[in-house]
Number of protein chains: 2
Amino acid sequence: MSRLNLEQLRTFLAIVRLGGVRRAADTLNVTQPAVTSRLKNLEDTLGAELFERSTTGVRLTKRGELLVRYAERFEELAALVEKDVMDPEAVEGTLRIGVSETIAQCWLPELIAELHKAYPALVVEVNVDISVNLRAGLMGREIDLAVLLGPISDYSVNNVELPGFDLAWYRAVNAPEPEEGPAGYLRGPVVTYARNTRPYRELKAALFERYGAGVSIFPSSSLSACFRLVEVGLGVAALPRALGRQFVESGRLCEFDPGWLPAPLRFSASWLGEPQSHVAETAAKIARDVAERFAAERPSGDKNS
Amino acid sequence: MSRLNLEQLRTFLAIVRLGGVRRAADTLNVTQPAVTSRLKNLEDTLGAELFERSTTGVRLTKRGELLVRYAERFEELAALVEKDVMDPEAVEGTLRIGVSETIAQCWLPELIAELHKAYPALVVEVNVDISVNLRAGLMGREIDLAVLLGPISDYSVNNVELPGFDLAWYRAVNAPEPEEGPAGYLRGPVVTYARNTRPYRELKAALFERYGAGVSIFPSSSLSACFRLVEVGLGVAALPRALGRQFVESGRLCEFDPGWLPAPLRFSASWLGEPQSHVAETAAKIARDVAERFAAERPSGDKNS
DNA sequence: AGAGGTTACGGGCAGCGTAAGGATC
DNA sequence: GATCCTTACGCTGCCCGTAACCTCT
């Protein structure tokens, strides 16, 4: 029989973590028989069954449990080598990034550019979605790094906090000021982020508390659509000032102060600790740098920053 | 390019330890271009040169120095897996054992049998030689485990002390007793172990001290030849009682007491710590067990044990 | 010339994908 | 039938060995 092999161990870990040969095959981008074959070879070189096969899936044997620890150490070691001795130019593979739309509109291009500079041979896959979906994708190992609202408090997730985005209220240029002053705009339709997002929920709760159930909210899954909706006078919106400024400067929107402002949006870059990817970690740090540079160049608080 | 590979790392370490591609190829039992190729692949996946090539050989680069640590940890880890999770029946490969002739005549067969029982798939290669050559073979990585006289005091060598072999003096059955008593035998020719062995040197020194330069010593590289030489009356000999007893019992030799006896032969099982072979370690412990059983069954000291 | 390492090239085998084969719910 | 894993089988591509080459001492 052949000797111990890193690819076999990686495959073994994938089976353990995903709880099945089929799922391992999917995320490893090989066919399912290939995974069966690798597993069989590993079991042959070790001379022991690693899983109890059942029709519902596989379950680790005692020997398998033992091997997990060692396989993880092999994985850590391989990650360390990649980090410490590999030339970044030689780092290959795919990094699957998921970002919220706000990020996509603000500094995603800079992030991609920096990543490409750091790892020229790395393929970067981008996915724009709302945070709750990104979180699910991360936990399901469909993406490697997520930039989303709020840290993910899960023992297996690493988070890097990013500078917040201050929000501001925007209205159409020609919107007539209500009798009760700017705060009256909030009775009218309020455009905001999509349902199932944290800003949506917070805004809805705050408006409900202030004005009761009668307030009409227009959620939109597209951030730029939000701006357009405000521009054409459908309603007002609390959106990142970093994005709204250009509309104000070009005379398409007006900022106003109703006396209350939702809390800034706090993003974090999050990645799973378990498959030990130093690339994801480095990418998260690059994201932090890019975000901080963005915040410094475009201070989003006109008054209080 | 392909990914990191344990075989490449093993090859890398062999080149580092043996100081050259050619020598690595020899001990890895592959051709020299194969080693070149593995090295090149490793360098490609890391995107860095690991050695500075010169006509006189190779020398580690800075990156290479870095990698050595990691490669060693991979090696340790692989050894741990072999030790802790592999079924012993699945352990393959070759264990090259070197033993002194005394061991070969006493309990080598038992050792081989025990080893084969513990690792049925392991090929055991035996080499009988004098201790100084065994030591050289061990240091030169030509053998994996040596059972030889005295521990090897080198930082890279692990030693397991084995029970000693008491010696006894033997003479031919019909040898006339000298006028001065049994001690007079020692003036006559004394047969002993080969030149360049410790027993030879010690015996020669002791006899020289007692009887001056006139003593004639017959070194023999074959232990059984020693017994035969004594048997035919060429001289006397101080040899392991464990081996001599059968000659005495069959009436072919007599034991006598000249009032002085060389110190017991103290053997140790020694193996290199560096290529981290748990098989060699286990084999050394098996050797200790076998040796102790041998000593217990055949107590070599008739009087003082 | 001999010791070191690299390059060129053909063949064998490991490992992959496709397709078919159980087994259990 | 649906889901999961295994077996069978042909093919591709990697890696090895042979042989020729380069470069210093």
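From a predicted model like this one, the values you see are computed outputs, not experimental measurements. Sequence lines set the chain letters: A, B, ... in the order given, protein chains first and strands last, and positions in each chain run from 1.
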Can you tell whether the side chains of [X] and [Y] come within less than 4.0 Å, N to carboxylate O?
X	Y	value
A:Arg3	B:Glu92	no
B:Glu161	B:Lys285	no
A:Arg63	A:Glu52	no
B:Glu72	B:Arg69	no
A:Arg10	A:Glu75	no

Does any pair with a residue in residues 24-39 of chain A pass salt bridge (Lys or Arg N to Asp or Glu O under 4.0 Å), and if so which ones, sequence neighbours excluded?
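Checked against salt bridge (Lys or Arg N to Asp or Glu O under 4.0 Å) - neighbours excluded - the pairs reaching residues 24-39 of chain A are A:Glu7-A:Arg38.
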
Restricting to salt bridge (charged side-chain N to carboxylate O under 4.0 Å, His left out), what partner residues turn up for B:Glu49, sequence neighbours left out?
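If we apply the salt bridge (charged side-chain N to carboxylate O under 4.0 Å, His left out) test to B:Glu49, skipping adjacent residues, the hits are B:Arg53.
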
A:Glu82: salt bridge (charged side-chain N to carboxylate O under 4.0 Å, His left out) partners, not counting sequence neighbours:
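Applying salt bridge (charged side-chain N to carboxylate O under 4.0 Å, His left out) to A:Glu82 gives none.
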
Which nucleotide span of DNA chain C, 5' end to 3' end, has atoms closer than 4.0 Å to non-hydrogen atoms of chain A?
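With heavy atoms of chain A under 4.0 Å away, the range is C:dG15 to C:dT24.
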
Atom CG of B:Asp44 and atom P of D:dC14: how far apart are they, to the nearest Å?
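Spelled out: CG on B:Asp44 to P on D:dC14 is 13 Å.
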
Rounded distance in Å - NZ (A:Lys40) to P (D:dC4)
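Between P of D:dC4 and NZ of A:Lys40: 22 Å.
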
Taking the ring centre of each residue, are B:Phe74 and B:Phe12 less than 6.0 Å apart?
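Between B:Phe12 and B:Phe74, which both carry aromatic rings, the centre distance is not below 6.0 Å.
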
Summary of protein contacts for nucleotides 15-25 of chain D, nucleotide by nucleotide, where a base hit scores B, a sugar-phosphate-only hit scores S (4.0 Å, heavy atoms)
SSBBB---BB-

Side-chain donor-acceptor pair present, A:Thr102, A:Ser100, cut-off under 3.5 Å:
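The criterion, which ignores hydrogens and geometry beyond distance, is not satisfied for A:Ser100 and A:Thr102.
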
Looking at residues 13-26 of chain A, who's got a heavy atom less than 4.0 Å off DNA chain D?
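Heavy-atom cutoff 4.0 Å gives A:Gly20, A:Val21, A:Arg22.
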
